[in-house]
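Following: one structure in structure tokens, then a few remarks.
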Amino acid sequence: QVQLVESGGGSVQSGGSLRLSCATSGLAFGTYCMAWFRQTPGKEREAVAAISTGVVTYYADSVKARFTITRDNAKNTLYLQMNSLKPEDTAMYYCAAKISTFTSFRVNWYEVQGYRNWGQGTQVTVSS
């Protein structure tokens with residue numbers, strides 16, 4: 001069965017860095033488009049970053065120039081390097097996977113409902 005397991009979350013001070021990982025199994029990782037989402041209590045889940053099978057990346061405006069999404073197809077693992085963290089980055093972070101054409105992914109990478117597979121999340125807390 002498909003499994004996505006996030007790790008690397010924790011508590012840091014404002015301006016600090018964290019690297020999240022999402023280890024996957026049960027899927028042909030290299031054929032999936034991948035993404036990171038985040039959610040805080042009472043708010044909708046929002047897209048943070050995404051990466052296509054062709055390693056084209058997309059970012060939410062709020063994290064551009066601070067976060068970097070990468071993938072290692074040999075290790076079936078997705079990463080999110082988060083630098084210059086801010087208190088507003090505090091959230092539960094989830095990785096997600098879906099099959100998509102490049103044309104579709106380019107326009108819908110941020111849509112929650114398009115992703116079929118999700119991890120359980122890892123908590124990131126940034127204090128001021």
R19 charged N/C atom sitting above Y79 aromatic ring, 6.0 Å / 45°
yes
Rounded to the nearest 0.5 Å, how far does OG of S100 lie from OH of Y32?
12.0 Å
Rounded distance [0.5 Å steps], CD1 in I69 versus CG in L78
4.5 Å
Any side-chain donor paired with an acceptor under 3.5 Å for D72 and T77?
no
Measure the shortest side-chain to side-chain distance between F67 and V48 over non-hydrogen atoms and say whether it is less than 4.5 angstrom.
yes
Within 45 degrees of the axis of the six-membered ring of Y58 and under 6.0 Å from its centre: does R106 put its NZ or CZ there?
no
Set out, in order, the CA-CA distance, both residues' side-chain angles and the distance that settles side chain to side chain contact (heavy atoms under 4.5 Å, CB included) for F29 and K75, then state yes or no.
CA-CA 9 Å; F29 182 74; K75 296 183 177 180; over 6 Å; no
What distance separates S11 OG from L85 CG, expressed to the nearest 0.5 Å?
11.0 Å
Check whether NZ of the Lys or CZ of the Arg K98 lies under 6.0 Å from the centre of the six-membered ring of Y115 and within 45 degrees of that ring's axis.
yes
Looking at E88, I'd like to know if its CD atom is crowded, meaning that more than 12 non-hydrogen atoms belonging to other residues, nucleotides or ligands lie closer than 6.0 Å.
yes
S17 and S84 have their tightest heavy-atom pair at OG-N, 4.3 Å
Aromatic plane relationship, W118 with Y94 - under 30° parallel, 30 to 60° tilted, over 60° perpendicular:
perpendicular
